[in-house]
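Naming convention: chains lettered A, B, ... in sequence-line order (proteins, then strands); numbering from 1 in each chain.
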Amino acid sequence: MLSRPQGRLAFAELRDWTGSVQLFAVASRTERFEELTRLSLGDWIGCTGEVVRTKRGELSVQVESWTLLAPTRHGFGDKWRGVHDVELRYRQREVDLWANEGVRDTFLMRSRVVAALRRRLDARGFVEVETPVLQPLAGGANARPFVTHFNALHSDFYLRVAPELYLKRLVVGGFERVYELGRDFRNEGLSPRHNPEFTMLEAYQAYADYEDMAGLVEELVAGTALELFGSTEVVFQGRRVDLAPPWRRATLEQVVEEVTGERCELGRGRDALAAVAGRLGVEVPPGSGAGRILYEIYERTTEHELLGPVLVTDYPVDVSPLVRAHRSKPGVVERMTPIVAGREIAEIYSELCDPDVQRSRLVAQAAAREAGDDEAMVVDEDFLRSLEHGMPPTGGIGLGVDRLVMLFADLPAIREVLLFPALRQDRRDGAGGGGEGADGTDA
RNA sequence: GCGCCUCUAGCUCAAUUGGCAGAGCAACGGACUCUUAAUCCGCAGGUUCUGGGUUCAAGUCCCAGGGGGCGCACCA
């Protein structure tokens, strides 16, 4: 609450998360009037009284009785300018939420986005499941995991980098439409687009392929936008995008050529693509094949230039170890990536169901790992055995919820859509040190 | 991990070429019967992120460290 005492009268603004209302107090009719006028910005009170209209016409509660629910000892920032120091905002998010209305709106919107995604999947017959976060092997994505120790089992476990392999095992078990909406953990650097824990939606549908799943993603994204904003148009960082389906399809080769002017057909071979990469100033990991080089060129030069929405298709097999080979085009897989305003918002696959092909892909990953790629996958025998039981043709999607919220909220930093983003421990006041510890001399 | 930028009162921000650390809001004391960021008077508020150094003199310059932002790298 914020008070504006005026002698024998007082006005105040009382706010909760539904909005605010003006309080109006008259000394002769309000209990403990003097005390009421001395409340601080940020004190929490409850009150009762008649609803009246002031002379200026504002609907107000004329306070009769009131209770101090909780005094505030710290204050909540400048009442007009709020709180803008980003460090304070992230470390003390409660202050940020209290002081800055736009921040409250962002997180209420995030909640509605998550609810809308669930509702839409449920309506299509998907079943929400929960699979292990603590995993003996971290699979399903190329990423370094967090390691933790499982005391009772005397072994190290990993926080999942993706739920993918477990969800596919559920498809094998007859759960034809499953999804999980939860936290993944990747032991990587922080950036405006990356937080080590982030929220992923993965969904799998048996008897479906990547075209079916592309339709699902279009519906989830455009439908949610329409539901929340009454429009499929969004503006992200000054770029206007219409999310109404169907989204354009274009191959990786096509979009790279559109943006760079370079012809990049995989069929031209490794050396030709390496030459293109050189011309464009794109560095390529040593030993890369044609597919890897094309992918590197795309990521460095093209992806951020695509306004979209566009579904980029025909990814090289060497950068997609869990995806089924394309039904007619050699060297590529049935994978699509929707790009909106220069950013990838999901992954769409026809899943690889053949246990033998999957095994050889994972063995190749493990070999890369041995060679020093510590983000390559490992051979997960439990997963492979499940495929040997027979997995029907299945389509899958992975949708980054944080990034979808960023798109909808027009916010460029993931921290702005995470209530408590990862921050380094604040040790500023401990600086100087030397006082405690190893010096055995004391008074 | 590397590079650039940044850190001043509870909050938002000033402080000339190195020359007495300031304002608004909040808080605190007072005035005020229709305010809307109320207004007016008064009062108080500081390890200028930390530790060193240069200098007659450091918020300002130099070195080291810490936090944050952005970029690179890694990735979604």
Side-chain angles (χ1 to χ4, degrees), chain A residues 2-13 20-30 33-34 37-43 52-60 62 71-92 95-96 98-100 140-144 161-162 184-202 283 285 299-300 303 319 337-339 343-347 373-375 398-404 406 412-416 421-435:
Chain A
L2 164 67
S3 68
R4 291 187 291 274
Q6 174 123 18
R8 307 298 291 164
L9 285 183
F11 300 86
E13 184 180 334
S20 64
V21 66
Q22 178 167 272
L23 303 184
F24 175 55
V26 183
S28 58
R29 300 177 59 177
T30 299
F33 177 85
E34 285 299 325
T37 64
R38 281 198 299 271
L39 290 174
S40 297
L41 174 62
D43 285 339
V52 299
R53 203 170 277 282
T54 59
K55 282 184 185 169
R56 289 284 181 89
E58 178 146 349
L59 208 58
S60 307
Q62 183 168 326
T72 187
R73 295 182 188 176
H74 293 295
F76 284 94
D78 190 289
K79 73 177 175 185
W80 179 238
R81 303 198 205 198
V83 172
H84 292 109
D85 179 70
V86 293
E87 195 174 348
L88 190 158
R89 291 183 46 231
Y90 299 153
R91 288 192 194 280
Q92 298 184 50
V95 174
D96 187 29
W98 195 100
N100 299 319
N142 293 100
R144 220 175 310 176
V161 297
D184 290 351
F185 305 85
R186 299 190 184 174
N187 208 339
E188 286 151 2
L190 301 144
S191 89
R193 286 164 294 284
H194 304 270
N195 195 71
E197 52 180 305
F198 61 101
T199 301
M200 174 67 83
L201 169 65
E202 288 198 15
E283 285 188 31
E299 285 218 310
R300 297 282 168 253
E303 183 177 288
V319 294
T337 303
I339 306 294
R343 293 173 180 226
E344 190 177 303
I345 59 168
E347 288 283 2
D373 180 354
D374 55 6
E375 287 172 355
L399 191 155
V401 173
D402 312 282
R403 291 187 171 180
L404 186 64
M406 288 164 68
I414 195 170
R415 299 179 191 88
E416 294 292 343
L423 292 180
R424 211 176 294 264
Q425 186 182 359
D426 189 355
R427 286 180 304 215
R428 271 175 293 185
D429 50 4

key: P spacing across the pair A76(B) / G66(B), given as an integer number of angstrom   = 30 Å
inquiry  = Using a 4.0 Å heavy-atom cut-off, does G82(A) contact any base of the nucleic acid, only the sugar-phosphate backbone, or nothing at all?
reply    = sugar-phosphate
query = In terms of side-chain heavy atoms of Q22(A), which of U12(B), A73(B), U36(B) is nearest?
reply = U36(B)
query = Just how far, in rounded Å, is C1' of G68(B) from CZ of R89(A)?
reply = 13 Å
inquiry  = Over all strands shown, is R415(A) touching base, sugar-phosphate only, or nothing at heavy-atom distances under 4.0 angstrom?
reply    = sugar-phosphate
message = Stem list for RNA chain B, please, built from Watson-Crick and G-U wobble pairs under 3.5 Å and keeping only runs of at least 3.
response = B:1-7 with B:66-72, B:10-13 with B:22-25, B:28-31 with B:39-42, B:49-53 with B:61-65
request  = Sticking with atom C1', work out how far C2(B) lies from G46(B), rounded to a whole angstrom.
outcome  = 35 Å
inquiry  = Please report the distance separating the P of C25(B) from the corresponding atom of C41(B), rounded so that it comes out in whole Å.
reply    = 10 Å
R89(A) vs N100(A) side-chain heavy atoms within contact, under 4.5 Å = yes
query = Taking the side chain as C-beta and beyond, is there a heavy-atom pair between D184(A) and V161(A) under 4.5 Å?
reply = no
request  = Report which part of the nucleic acid L88(A) touches: base, sugar-phosphate, or nothing (heavy-atom distance under 4.0 Å, all strands).
outcome  = sugar-phosphate
key: Separation of the P atoms in C11(B) and G71(B), to the nearest angstrom   = 26 Å
request  = To the nearest 0.5 Å, tell me how far M406(A) CE sits from R343(A) CZ.
outcome  = 4.5 Å
key: Distance below 4.0 Å between R81(A) side-chain N/O and A23(B) OP1 or OP2   = no
request  = Please state how far atom CD in E197(A) lies from atom C1' in A76(B), giving the value in whole angstrom units.
outcome  = 14 Å
key: Between A73(B) (P) and E299(A) (CD): distance, integer Å   = 11 Å
Contact nearer the 5' end of RNA chain B, comparing N195(A) with S191(A) = S191(A)
inquiry  = Protein within reach of the bases, or only the backbone? For nucleotides 25-34 of chain B, mark each nucleotide 5' to 3' as B, S or -, using heavy atoms under 4.0 Å.
reply    = BSSS---BBB
ask   = Which listed nucleotide (A38(B), A76(B), C74(B)) is nearest to the side chain of F198(A)?
value = A76(B)
key: Contact nearer the 5' end of RNA chain B, comparing S60(A) with Y90(A)   = S60(A)
message = Can you check the distance between G53(B) and A58(B), where both ends of the measurement are the C1' atom (answer in whole Å)?
response = 11 Å
ask   = In terms of side-chain heavy atoms of D85(A), which of C74(B), U12(B), G69(B) is nearest?
value = U12(B)
query = What does D402(A) touch in the nucleic acid at a heavy-atom separation under 4.0 angstrom: a base, only the sugar-phosphate, or nothing?
reply = nothing
message = Within the 4.5 Å heavy-atom criterion, are N195(A) and L190(A) side-chain neighbours or not?
response = yes
inquiry  = By the 4.0 Å heavy-atom rule, please label E58(A) as base, sugar-phosphate, or nothing.
reply    = base
